[in-house]
Amino acid sequence: DIGELGRDRGLAVYVVGGFVRDLLLHQPNFDVDLVVEGDGIAFAEAMAKAFHGRAKSHPKFKTAVVVLSDGKRIDVATARLEYYEYPAALPTVELSSIKMDLYRRDFTINALAVHLNPERFGELADFFGAQRDIKDRVVRVLHSLSFVEDPTRILRAIRFSERYGFRIGAQTERLIKNALQHNFFHKLSGARLFHEISLILGEENPLSCLRRMQQYKLLSAIHPLLALDTAKETLLTATDNVIKWYRLLYMEQAPRIWLVFFLGLCSGLDDEQFATIANRLGFTKKMLAELGSLRHAVRKTAHRLYNWEYLKLPVSELYFLLNGLSLEGLLYLMARNPKESIQKHISLYLTKLCDTQIEITGEDLQIMGVEPGPRYGRILRAVTAAAVDGVAVSRERQLE
Ligand code: ATP
């Protein structure tokens with residue numbers, strides 16, 4: 001066991017952060033973060049050996065990840081002191097104790113550690129009133145320079161408070177407003193900003209986080225083009241409903257939910273404006289191209305879908321129309337087309353048509369003596385169409 005491994009090496013080992021917070025809140029959390037008072041990397045290596053896993057270390061930060069044989073990952077850090085030479089800079093590292101490790105964290109609710117060594121197993125190390133704040137359901141920073149050091153914590157405060165239904169402490173709220181007044185967000189790199197935004201958009205309730213961000217004028221602080229207006233809010237509400245609906249289907253394929261909301265957040269922007277946002281959020285060229293073409297594909301498909309409906313084309317044409325779009329694209333398409341019939345068609349595709357399989361392959365056609373060439377594609381398409389229309393017909397019968 002981990003605690004015994006620590007004892008045998010004369011090191012104090014703790015589980016820290018979100019895992020402990022969620023333990024006290026009776027919420028599931030499988031991300032285990034350990035802190036070792038001593039050499040964290042050597043400890044991770046010993047753990048890997050004892051549990052037949054692998055250790056990947058980052059000597060610069062004195063951290064390591066232990067990957068167990070079942071793929072589970074455990075982060076191991078060395079208790080350390082950190083100095084920030086100027087706001088949002090990378091820390092320089094120096095050895096120290098658990099208290100300093102906890103002090104550099106974002107909020108009191110995340111600054112809690114549990115001893116794992118057998119002689120003190122289960123004892124809480126709570127230097128900053130974390131248990132009280134969890135009980136009082138409040139998000140509080142540890143010191144008044146917290147948001148100056150790292151403005152992404154403003155986004156994290158909103159994320160945790162909305163996730164758990166906690167309030168943000170009065171002083172912490174003042175510090176947020178102060179940080180925003182002083183434009184600290186400008187100093188943040190796009191990549192860090194985008195990371196936190198995608199975490200927010202991947203939460204159970206991103207819409208309430210976005211509304212909160214709007215209240216603090218945080219969206220416009222990131223970029224004026226991101227601010228919510230009535231149209232965007234309507235679309236994001238529809239997105240929220242579509243995601244909730246999709247979750248209830250318990251489908252195998254999981255969409256990148258943040259992406260569906262991100263498309264919603266960028267609705268109404270033209271290509272140039274979208275590129276501006278992508279640039280502020282540090283997108284790579286590849287990512288910009290990917291999301292750009294997804295936006296185009298959604299628009300084009302929306303147009304064709306209306307045509308399909310208007311012309312009363314066969315269901316197989318619906319299949320071919322929607323088959324080219326990613327799951328995120330389809331969900332967003334559903335959200336941005338409030339027309340009920342259109343939503344029904346996409347729902348039919350997602351729940352029934354999309355896994356249509358045909359048995360026949362190009363190889364079969366060859367055996368049957370069909371000349372290789374473009375006819376192959378046409379034949380396979382026709383077989384697929386027949387299969388899809390068959391599925392649709394049998395569904396109609398079921399409905400009768
Ligand atoms: P989640 O449930 O969203 O994963 P978490 O608390 O585990 O929440 P992580 O982002 O995995 O969040 O971070 C792990 C821990 O690292 C946090 O509990 C917190 O103590 C600390 N931490 C993360 N980001 C920051 C930050 N920007 N500033 C200070 N401490 C941070």
Side-chain angles (χ1 to χ4, degrees), residues 14-36 40 58 61-66 72-84 87-91 93 96-114 124-131 133-134 138-166 168 172 175-176 179 184-185 187-206 208-209 218 257-258:
Y14 306 84
V15 58
V16 294
F19 184 86
V20 184
R21 175 198 68 219
D22 287 342
L23 196 68
L24 296 192
L25 286 167
H26 306 287
Q27 300 282 331
N29 187 327
F30 303 103
D31 289 336
V32 179
D33 289 314
L34 300 180
V35 170
V36 178
H58 307 279
F61 298 107
K62 296 191 163 63
T63 60
V65 184
V66 180
K72 283 204 188 77
R73 302 161 71 86
I74 298 180
D75 285 304
V76 182
T78 303
R80 62 199 181 177
L81 248 183
E82 292 202 15
Y83 300 104
Y84 295 84
L90 278 175
V93 172
S96 182
S97 71
I98 186 72
K99 185 171 176 183
M100 279 314 295
D101 181 278
L102 295 176
Y103 188 64
R104 76 181 168 83
R105 288 170 189 267
D106 44 6
F107 308 112
T108 58
I109 59 167
N110 289 336
L112 203 51
V114 179
L124 278 170
D126 181 2
F127 303 101
F128 311 107
Q131 291 172 92
D133 288 345
I134 288 174
V138 56
V139 177
R140 277 200 310 121
V141 284
L142 291 153
H143 55 84
S144 59
L145 288 178
S146 193
F147 296 124
V148 183
E149 280 178 4
D150 181 357
T152 60
R153 290 175 186 163
I154 300 177
L155 295 171
R156 295 176 63 85
I158 291 175
R159 186 156 66 86
F160 290 123
S161 86
E162 288 301 325
R163 183 196 291 173
Y164 299 114
F166 282 18
I168 295 179
T172 300
L175 294 169
I176 290 179
F184 288 137
F185 260 71
K187 300 196 182 98
L188 262 181
S189 78
R192 291 205 61 207
L193 201 47
F194 176 62
H195 178 69
E196 286 301 331
I197 290 175
S198 64
L199 289 180
I200 281 185
L201 299 182
E203 283 283 313
E204 193 69 30
N205 211 344
S208 60
C209 293
L218 229 151
I257 288 172
W258 71 263

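For this chain, numbers begin at 1 and follow the sequence in order. Indexing begins at 1, ligand by ligand and atom by atom, following the structure's order. Everything quoted here is computed from the prediction, not taken from an experiment.
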Inset, instruction - State the CG-CZ distance between Asp106 and Phe147, to the nearest 0.5 angstrom. - result: 9.0 Å

Legend entry - Minimum-distance protein heavy atom relative to atom 19 (C) of ligand 1: Asp106 OD1, 3.4 Å

Inset, instruction - Would you kindly specify which portion of Arg163 sits under 4.0 Å from ligand 1, judged on non-hydrogen atoms: side chain, backbone, both or neither? - result: side chain

Legend entry - Proximity winner for atom 4 (O) of ligand 1, if only heavy atoms of Ile154, Leu102, Asp31, Asn29 are counted: Asp31

Inset, instruction - Starting at CG of Asn110, measure out to CZ of Phe160 and round the result to the nearest 0.5 Å. - result: 4.5 Å

Legend entry - Cationic N near anionic O, under 4.0 Å, Arg163 to Glu204: no

Inset, instruction - Starting from atom 16 (O) of ligand 1, locate the nearest protein heavy atom and write down its residue, its atom name and how far away it is, to 0.1 Å. - result: Arg105 NH1, 3.5 Å

Inset, instruction - Specify the protein heavy atom at minimum distance from atom 7 (O) of ligand 1: its residue, its atom name, and the distance to 0.1 Å. - result: Gly18 CA, 3.8 Å

Inset, instruction - Enumerate the atoms of ligand 1 whose separation from the nearest heavy atom of Gly17 is less than 4.0 angstrom. - result: 18 (O)

Legend entry - Leu142 side chain reached by Thr108 side chain, heavy atoms, under 4.5 Å: yes

Legend entry - contact_flag Glu149 ligand 1 heavy-atom lt 4.0 Å: no

Legend entry - N or O contact, Asp22 vs ligand 1, cut-off under 3.5 Å: no

Inset, instruction - Grab the two heavy atoms, one from Cys209 and one from Ile200, that are nearest each other, plus how far apart they are. - result: CB-CG2, 3.6 Å

Legend entry - Inter-residue atom distance Leu24.CG - Asp133.CG, 0.5 Å rounding: 12.0 Å

Inset, instruction - Have a look at Leu188 and tell me which of Ile154, Leu193, Leu155 forms a side chain to side chain contact (heavy atoms under 4.5 Å, CB included) with it. - result: Leu193

Legend entry - Nearest non-hydrogen protein atom, atom 14 (C) of ligand 1: Asp33 OD2, 3.8 Å

Legend entry - Sub-4.0 Å atoms of ligand 1 with respect to non-hydrogen atoms of Phe160: 6 (O), 8 (O)

Legend entry - Any non-hydrogen protein atom less than 4.0 Å away from atom 11 (O) of ligand 1: no

Legend entry - Separation of His58 NE2 from Asp75 CG (nearest 0.5 Å): 8.0 Å

Inset, instruction - Work out which heavy atom in Tyr103 is nearest to a heavy atom in His143; give both atom names and the distance. - result: OH-CB, 3.4 Å

Inset, instruction - Flag Arg21 as yes when one of its N or O atoms lies below 3.5 Å from any N or O atom of ligand 1, and as no otherwise. - result: yes

Legend entry - Option passing side chain to side chain contact (heavy atoms under 4.5 Å, CB included) with Val16 (candidates Ile98, Val114, Val32): Ile98

Inset, instruction - Name the closest protein heavy atom to atom 28 (N) of ligand 1, giving the residue it belongs to and the distance to 0.1 Å. - result: Arg153 NE, 2.8 Å

Inset, instruction - Please work out whether any backbone atom (N, CA, C, O) or any side-chain heavy atom from C-beta onward of Arg159 is under 4.0 Å from ligand 1, and answer side chain, backbone, both or neither. - result: side chain

Legend entry - Part of Asn110 with heavy atoms under 4.0 Å of ligand 1, whether side chain, backbone, both or neither: both

Legend entry - Residue pair Glu162 / Ser208, side-chain donor-acceptor N/O under 3.5 Å: yes

Legend entry - Protein heavy atom at shortest distance from atom 13 (O) of ligand 1: Arg156 NH2, 3.7 Å

Inset, instruction - Output yes when the distance from some N or O of ligand 1 to some N or O of Asp150 is under 3.5 Å, and no in every other case. - result: yes

